[in-house]
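Residue numbering restarts at 1 for every chain, and letters A, B, ... go by the order of the sequence lines.
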Number of protein chains: 2
Amino acid sequence: MKTDNKLSSILHVILHLAEHNQAMTSETLALYLKTNPVVIRRMMAGLRQAGLVVSVKGHGGGWTMAKPLAAISLLDVYQALGAPRLFAQGYRQEAPQCLIEQAVNASLDSAFAEAERQLLQKFNAVNLSDIAADFELRYQQHLLTLEHSAATAQQSKQE
Amino acid sequence: MKTDNKLSSILHVILHLAEHNQAMTSETLALYLKTNPVVIRRMMAGLRQAGLVVSVKGHGGGWTMAKPLAAISLLDVYQALGAPRLFAQGYRQEAPQCLIEQAVNASLDSAFAEAERQLLQKFNAVNLSDIAADFELRYQQHLLTLEHSAATAQQSKQE
DNA sequence: TTTCATGTAACTCAAAATATTACATGATGT
DNA sequence: ACATCATGTAATATTTTGAGTTACATGAAA
């Protein structure tokens, strides 16, 4: 199956949006995903309805965050996207007559339902600010790496 | 994405096979799924390699279980199928340069990895004999229902 | 009133699971 | 031997669904 990438995509986009601190157009945001602005609008439509972002038409318009990142959970975003399918596994028949198939489906159902519960709970526990904080860490680490390689280059120059 | 139904399908099939207690052809098994015998062979190929079933060619040939149901876990079957993808969610880029996207992926990764671990653990804890036992329960319940509706019919006849 | 931006429907494209076709291999029964 | 039955598997077609594209409507700002 082709995977659904909306969640990962829109998170990427709105974290950039939040960093930017002013309205950004669908076209600009589309550059981050190397995709078409319409794809951005389609995904953002759900977030707008959920009150996570605001859109403004016309000159100087575009998208802005409606809430601080700390007030938005991964679960909020997931649900705003329309709660796309989590699992790639399905049943051949949803409501089979065959009692064996019923027993099989019940068994799988229970396993997947439990996993889904846990996953959504985790989504609920993670705020976008947590991800932004992780980005900050990575950024500081990145700066250190640059510094270090600059120092190393300087050193090898002197040798 | 079109869901992957191999796990549910093959479980259905091999439970019928186990019930039957003698070799069954791919053609017969295909009837349970209303599909093509080749589809059965393709899925069963993995189970054969894993030593869960045995196939015999020619007259009177077909498929038989190689182990008792109690000795086969859901995990065994899942892995014998080639461990098909569990989640429908993916990342736009596997190894992104963008630090924001890296942070997003790391966050999702952790959530999905945890869910996968739990799911496989559950698969490991369920044996096919558990599912067969559940089928038996459903079957007994079904018989009771038939009896009851027969009694009701008899009763309404007398009225 | 022109330009910029979103809102959305309709259509096309692409990827992946499943189904089908075709033919090879091997075992059994006559 | 050889006809028949059954699996083994490659190649191809079909189907589903996420993503991309085109087209046009709506509304706000210069």
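As rounded to whole Å, 16 Å separates atom P of dT16(D) from atom CG of Asp4(B). For the pair Leu7(A) CG and dG18(D) C1', the computed distance is 14 Å after rounding to whole Å. One interatomic measurement links the two molecules: CG of Asn5(A) to P of dT17(D), which rounds to 17 Å at whole-angstrom precision. Between the C1' atom of dC23(C) and the CG atom of Asn36(B) lies a distance of 14 Å, rounded to the nearest Å. To the nearest angstrom, P of dG18(D) lies 17 Å from CG of Leu33(A). Straight-line distance from the CD atom of Gln93(A) to the P atom of dT18(C): 14 Å, rounded to whole Å.
With hydrogens and angles ignored, a donor-acceptor pair under 3.5 angstrom links the side chain of Lys2(B) to the base of dA17(C).
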Hey, can you pull the donor-acceptor pairs under 3.5 Å for the side chains in residues 94-105 of chain B, sequence neighbours left out?
unit_1: Glu101(B); atom_1: OE1; unit_2: His12(A); atom_2: ND1; d: 3.4
unit_1: Gln102(B); atom_1: NE2; unit_2: Pro96(B); atom_2: O; d: 2.9
unit_1: Gln102(B); atom_1: NE2; unit_2: Gln97(B); atom_2: O; d: 3.4
unit_1: Asn105(B); atom_1: ND2; unit_2: Gln93(B); atom_2: O; d: 3.0

Show which side-chain atoms of residues 120-133 of chain A pair as donor or acceptor with protein atoms under 3.5 Å away, not counting sequence neighbours.
unit_1: Lys122(A); atom_1: NZ; unit_2: Ser110(B); atom_2: OG; d: 2.6
unit_1: Asn127(A); atom_1: ND2; unit_2: Ala70(A); atom_2: O; d: 3.3
unit_1: Asp130(A); atom_1: OD2; unit_2: Asn127(A); atom_2: N; d: 2.8

Which atom pairs, donor and acceptor, lie under 3.5 Å between side-chain atoms of residues 45-59 of chain B and protein residues at least two apart or in another chain?
unit_1: Arg48(B); atom_1: NE; unit_2: Ser55(B); atom_2: OG; d: 3.4

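The shortest side-chain heavy-atom distance between Leu143(B) and Tyr139(B) falls under the 4.5 Å cut-off.
Considering only residues two or more places apart in sequence or on other chains, Ala23(A) meets the side chain to side chain contact (heavy atoms under 4.5 Å, CB included) condition with Thr64(A).
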Per-nt protein contacts along nucleotides 2-9 of chain C (heavy atom under 4.0 Å; B base, S backbone sugar-phosphate only, - none) come out as -BBSBBBB
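Taking 4.0 angstrom as the limit, Arg85(A) places none of its side-chain polar atoms (N or O) nearer than this to OP1 or OP2 of dT16(D).
Pairs of residues two or more places apart, or lying in two chains, that qualify as side chain to side chain donor-acceptor pair (under 3.5 Å) and include a residue from residues 65-76 of chain A are Ser73(A)-Asp76(A).
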